[in-house]
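Here is the structure we will look at.
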Number of protein chains: 2
Amino acid sequence: MPERTPERIARIREVLSRRQPDLTVLLENVHKPHNLSAILRTCDAVGVLRAHAVNPTGGVPTFNETSGGSHKWVDLEVHPDIRSAIAHLKGQGFQVLAAHLSEGAVDYREADYTRPTAVLLGAEKWGVSEEAAALSDLHIKIPMMGMVQSLNVSVAAAVILFEAQRQRLRAGMYERPRLDPEAYQRLLEDWLKR
Amino acid sequence: MPERTPERIARIREVLSRRQPDLTVLLENVHKPHNLSAILRTCDAVGVLRAHAVNPTGGVPTFNETSGGSHKWVDLEVHPDIRSAIAHLKGQGFQVLAAHLSEGAVDYREADYTRPTAVLLGAEKWGVSEEAAALSDLHIKIPMMGMVQSLNVSVAAAVILFEAQRQRLRAGMYERPRLDPEAYQRLLEDWLKR
Ligand SMILES: C[S@@+](CC[C@H](N)C(=O)[O-])C[C@H]1O[C@@H](n2cnc3c(N)ncnc32)[C@H](O)[C@@H]1O
Ligand SMILES: C[S@@+](CC[C@H](N)C(=O)[O-])C[C@H]1O[C@@H](n2cnc3c(N)ncnc32)[C@H](O)[C@@H]1O
C-alpha cells in the first residue's frame, strides 16, 4: 500500500478536483495495446474519469508501457457490445460524437464539448462500424490536408480531446470540482490505495 | 510505376498546393517505429513537406503500418546530431519550438505557428536533451490535468501540429500554393513516380 504523505494526498486532491465526469471516450474494437495505452494516457491528461470500450485489444486486457501508468488512474469500463455501450452513455445524458470520416461529418472544432460528451473512436483497420455510426448523435472529422486518408486512432483521440480540454478550460470547468462531494470522497479513499 | 490517371494527377496537385514548406518537426531520438510512423502520418495530414530527425528508431530506418503509407509522402531528413539539425533549421529561418515541460515553457496555444516553425520533440524515455532545450527559441507545453506527467510523443506532436493547422487555416495558408512554382513542378514529377 502506498504512503499517505501530505504531498501525495494534495496531488490526488488536485487531480480529482479537475476530473470531468461528463467527458469520456468510447473505443470500438481498438486492438493495439499501444494505441489503447496512449489513449488512456491522454484521457488522464484531459481529466477523463472513466473510459469505455467494446472488445479492447481483441478481448485481451493487456496494456503496455506507452500508458505511462495511466491505466491506474483512468478506469476502463468494458461493454459487451456497441449498442449497449451507446445506450448506457445516452442513458446518462451523454451526447455521442463519432470520430468518423463520413459524408455528413462536421469539423471537430464545431462540436460543443462543454456538454456531457462521449467521443467514439473506431478500429485501426475498419473504423467506426455502421451500427455505431447510425446510433451516434453527430459525426466529427479532423481535416486532412495530405495524401493519407486517416490518422492513427490514438492521434485522432488526442486531437479531439485537447479541443475538448481547450473549450472546458475556457468555460472554467477545471476551476472547481465537478464530482459531487460523495463521489469525490469515495474516489479519494480509493486512489490513496492505488 | 503508378499510373498517370487524371484523378491521380489532380489529387497530387491538390495536396501539393496545400503543402507547407515552412512547417516541420524535428525528432530527437524518437525510437519506436510506431511513434515515428504515427508522427509522419500526422505530418502528412497538416501539410508538412519534409520532417527532420536525429537518430530515428535508434538509427534503424524502419517504419510500420501505423504510418498508413505516409512515409511515402513526407520526406525524412536525418541529421548527424541535434546541434547541426537545429543550426540547419535556424539557417533556413525557422523558429525552433521545443515541446518540453520545463519551468519556462508556455502553453502551446500561445505560440505563433504562422511563422516558419519547427516543433522539436524528445525521446520516449528521456525527453528533449539539455543541449536541444538550450538551443531552442521557446519551450512549449501541453497542459496536463492528470496524474501522469507527460503524453505519448506521437500524441504530443499531433496536438501541437493541429494547433498549427488551426492557425494556418485561419490565416488562409492552405488556400493557395506555398511552394514556389519550380519546387512545385519538381515535386509533382517526383510524386507521380511514387
Ligand atoms: C485508422 S482510423 C480507421 C480508418 C478506416 N479505414 C476508416 O475508413 O474509418 C481509426 C479511427 O481513428 C479515428 N480517426 C482517424 N482519422 C480521423 C479523422 N481525420 N477524423 C476523425 N476521426 C479520425 C476514427 O475514429 C477512426 O475510426
Ligand atoms: C514521453 S515524453 C518524455 C518524457 C520525459 N520523461 C521528460 O521528462 O521529458 C516524449 C516527448 O513528448 C513530448 N511531450 C509529451 N508530453 C508533453 C506535454 N505535455 N507538453 C509538451 N510536450 C510533451 C515532448 O517532446 C517529450 O520530449
Side-chain angles (χ1 to χ4, degrees), chain A residues 11-12 14-20 32 34-35 37-49 65-74 107-109 124-125 142-163 165-166 168-169 173-174 191 194, chain B residues 11-12 14-20 32 34-35 37-49 65-74 107-109 124-125 142-163 165-166 168-169 173-174 191 194:
Chain A
R11 172 102 184 99
I12 288 180
E14 188 193 1
V15 170
L16 277 178
S17 73
R18 294 201 197 123
R19 276 298 194 250
Q20 307 284 309
K32 295 193 185 157
H34 67 78
N35 283 334
S37 293
I39 293 172
L40 292 181
R41 188 166 170 181
T42 301
C43 282
D44 175 67
V46 303
V48 168
L49 184 65
E65 83 286 16
T66 313
S67 74
S70 49
H71 53 278
K72 206 167 141 184
W73 307 110
V74 179
D107 189 306
Y108 74 105
R109 297 168 180 117
E124 290 87 350
K125 261 231 170 77
I142 304 166
M144 305 289 286
M145 304 298 187
M147 292 295 286
V148 180
Q149 302 294 337
S150 68
L151 298 166
N152 168 278
V153 63
S154 70
V155 159
V159 170
I160 295 167
L161 287 173
F162 274 95
E163 169 62 17
Q165 189 212 51
R166 190 187 69 81
R168 284 177 177 240
L169 271 170
M173 293 171 80
Y174 293 101
W191 282 29
R194 293 192 189 183
Chain B
R11 172 100 186 99
I12 288 180
E14 189 194 0
V15 170
L16 278 177
S17 73
R18 294 201 197 122
R19 277 295 194 251
Q20 308 284 310
K32 294 191 186 158
H34 67 78
N35 283 334
S37 293
I39 293 171
L40 292 182
R41 190 167 168 179
T42 301
C43 282
D44 175 66
V46 303
V48 168
L49 183 66
E65 83 286 16
T66 312
S67 73
S70 49
H71 53 278
K72 207 167 139 182
W73 307 110
V74 179
D107 188 306
Y108 75 103
R109 297 168 181 115
E124 289 87 351
K125 262 232 169 77
I142 303 166
M144 306 289 286
M145 304 297 187
M147 293 296 285
V148 179
Q149 303 294 337
S150 68
L151 298 166
N152 166 277
V153 62
S154 69
V155 159
V159 171
I160 295 166
L161 286 173
F162 274 94
E163 169 61 17
Q165 190 212 50
R166 191 186 68 80
R168 284 176 177 240
L169 271 169
M173 293 171 80
Y174 292 101
W191 282 29
R194 294 194 187 180

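Values below: every heavy atom of this structure, side chains too, minus hydrogens, waters and symmetry copies. Chain naming here is simple, since letters A, B, ... match the order of the sequence lines and numbering starts at 1 in each. What you see is a predicted model; the values in this text were computed from it and never measured.
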A/Gln149 portion near chain B, given a 4.5 angstrom heavy-atom threshold: side chain
Atom of A/Arg19, atom of B/Met145 and distance for their closest heavy-atom approach: NH1-O, 4.3 Å
Separation between CG of A/Leu40 and CG of B/Asn152, rounded to the nearest 0.5 Å: 12.0 Å
Main-chain N/O of A/Val148 paired to B/Asp44 side chain as donor or acceptor, under 3.5 Å: yes
Contacting moiety of B/Leu16, where chain A heavy atoms sit under 4.5 Å: neither
Verdict with supporting geometry, A/Met147 and B/Ile12, side-chain contact (heavy atoms from CB on, under 4.5 Å): CA-CA 8 Å; A/Met147 292 295 286; B/Ile12 288 180; 3.8 Å; yes
Side chain to side chain, A/Leu169 and B/Arg109, heavy atoms closer than 4.5 Å: yes
Whether A/Phe162 and B/Tyr108 hold their rings parallel, tilted or perpendicular, with breakpoints at 30° and 60°: perpendicular
Top of B/Val155, B/Val48, B/Leu151, B/Ile142 for chain A proximity - count of heavy-atom pairs under 4.5 angstrom: B/Leu151
Structural part of B/Tyr174 lying under 4.5 Å from a heavy atom of chain A: side chain
Spacing of CZ belonging to B/Arg166 relative to CD belonging to A/Glu163, to within rounding of 0.5 Å: 8.0 Å
Over all atoms of both residues, closest heavy-atom pair of A/Gly146 and B/Arg11: O-NH2, 2.7 Å
Chain B contacts, top residue of A/Ser154, A/Pro143, A/Ala158, A/Gly47 (heavy-atom pairs, under 4.5 Å): A/Pro143
